[in-house]
Amino acid sequence: MPVKKKQSKAKPAKTSTPSSEGPWAAVLAPRETGEKRYWLVKSEPETFSYDALLALPGKTTQWDGVRNFVARNFMRIGMQKGDRVFFYHSSTNPQAIIGICEVAKEAYPDSTAFDKKHHGYDPKSKPDDPTWFMVDLRAVEKLPRPVTLAEIKATPALANMAMLRIGRLSVTPVSPSEWDTITELSRKPA
DNA sequence: GCCAACGTTGGC
DNA sequence: GCCAACGTTGGC
């Protein structure tokens with residue numbers, strides 16, 4: 001008896017990117033109880049540095065302005081309160097992971113997308129059906145020393161890091177072993 | 001400053 | 001639905 005192959009053609013939501021498929025599905029999947037996940041966000045230090053975050057009240061900021069669906073899904077579906085997040089300085093010398101943050105508030109609508117005067121304005125994102133989301137990040141501590149991109153690239157255990165493989169994304173997942181490798185590196189002299 | 005790698009947009 | 005044109009990111 002032939003197996004009836006009924007491919008249900010579920011229409012993808014307009015904001016798409018099915019979270020149940022693709023190479024990064026695991027970091028969006030439901031968690032074991034108490035499981036903690038790890039992430040990396042990029043920022044140009046001239047625009048917003050880790051020190052600038054440390055100087056803010058509560059050392060906390062809204063991580064707004066993300067306008068890429070994959071990155072959005074990492075924030076909206078993947079990030080949970082208490083997750084740890086590497087803070088990476090991009091487009092600077094040297095490019096490096098500088099410090100650690102934590103997710104202080106889970107995803108909520110990115111209000112900058114509703115603001116006509118804001119450069120992140122997106123007319124397709126409506127307050128009653130938002131396209132874009134942000135989280136709150138709170139600085140936890142600087143790394144003992146920055147871990148540079150060159151060093152990350154030179155470390156075999158980090159060869160599969162999402163930040164290398166999907167390099168231009170501003171939000172990427174970090175595996176627990178990658179997290180440990182990087183924090184250990186930062187405790188050793190360069 | 002250049003350019004590779006993507007993502008998005010729009011004509012057909 | 002394809003693909004060329006264009007914009008953005010970010011390493012170098």
Side-chain angles (χ1 to χ4, degrees), chain A residues 7-28 38-53 61-79 85-101 107 109-126 129-135 137 143 145-175 178-179 181-182 185-186 190:
Chain A
Q7 263 299 12
S8 71
K9 274 208 176 150
K11 196 184 169 206
K14 73 162 186 181
T15 48
S16 81
T17 312
S19 53
S20 56
E21 299 167 26
W24 313 108
V27 299
L28 303 180
Y38 302 93
W39 311 92
L40 179 147
V41 297
K42 295 180 184 176
S43 184
E44 297 189 14
E46 289 186 18
T47 305
F48 187 73
S49 68
Y50 191 75
D51 283 339
L53 176 57
T61 192
Q62 299 181 143
W63 206 257
D64 60 26
V66 172
R67 295 293 181 270
N68 173 286
F69 286 113
V70 177
R72 180 207 65 178
N73 288 348
F74 288 147
M75 282 201 308
R76 181 160 78 133
I77 305 169
M79 284 187 180
V85 183
F86 281 138
F87 193 106
Y88 174 85
H89 280 178
S90 66
S91 298
T92 188
N93 190 13
Q95 301 122 168
I97 298 171
I98 297 290
I100 293 173
C101 301
D110 182 343
S111 52
T112 66
F114 309 139
D115 180 358
K116 279 199 174 70
K117 291 187 220 58
H118 199 281
H119 67 275
Y121 176 62
D122 181 356
K124 293 192 293 302
S125 185
K126 302 284 169 37
D129 183 19
T131 305
W132 305 114
F133 290 78
M134 57 191 175
V135 296
L137 295 183
L143 291 180
R145 67 167 178 84
V147 175
T148 65
L149 178 62
E151 206 175 346
I152 290 167
K153 286 182 168 176
T155 304
L158 301 176
N160 288 324
M161 266 193 88
M163 74 159 299
L164 298 179
R165 296 179 56 187
I166 36 182
R168 279 163 189 80
L169 275 197
S170 57
V171 181
T172 50
V174 175
S175 76
E178 289 162 352
W179 183 273
T181 299
I182 289 166
L185 274 174
S186 77

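The chains referred to below are lettered A, B, ... by the order of the sequence lines, with proteins before strands, and numbering in each begins at 1.
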Applying side-chain hydrogen bond (donor to acceptor under 3.5 Å, both in side chains) as the test, list every pair that has at least one member in residues 163-175 of chain A; sequence neighbours left out. A:Ser175-A:Ser177, A:Ser175-A:Glu178
Is there any side-chain hydrogen bond (donor to acceptor under 3.5 Å, both in side chains) pair reaching into residues 153-163 of chain A, and which pairs are they, with sequence neighbours excluded? none
Indicate, with a heavy-atom threshold strictly under 4.0 Å, whether A:Leu149 touches base, sugar-phosphate, or nothing. sugar-phosphate
Pairing residues for A:Ser49 by the side-chain contact (heavy atoms from CB on, under 4.5 Å) criterion, not counting sequence neighbours: A:Pro45, A:Asp51, A:Ala52, A:His89
Under the salt bridge (Lys or Arg N to Asp or Glu O under 4.0 Å) test, which residues partner A:Asp122, sequence neighbours left out? A:Lys124
Set of residues satisfying salt bridge (Lys or Arg N to Asp or Glu O under 4.0 Å) with respect to A:Arg67, sequence neighbours excluded: A:Asp110
Going 5' to 3' along DNA chain B, which are the first and last nucleotides with any atom under 4.0 Å from a heavy atom of chain A? B:dA4 to B:dT9
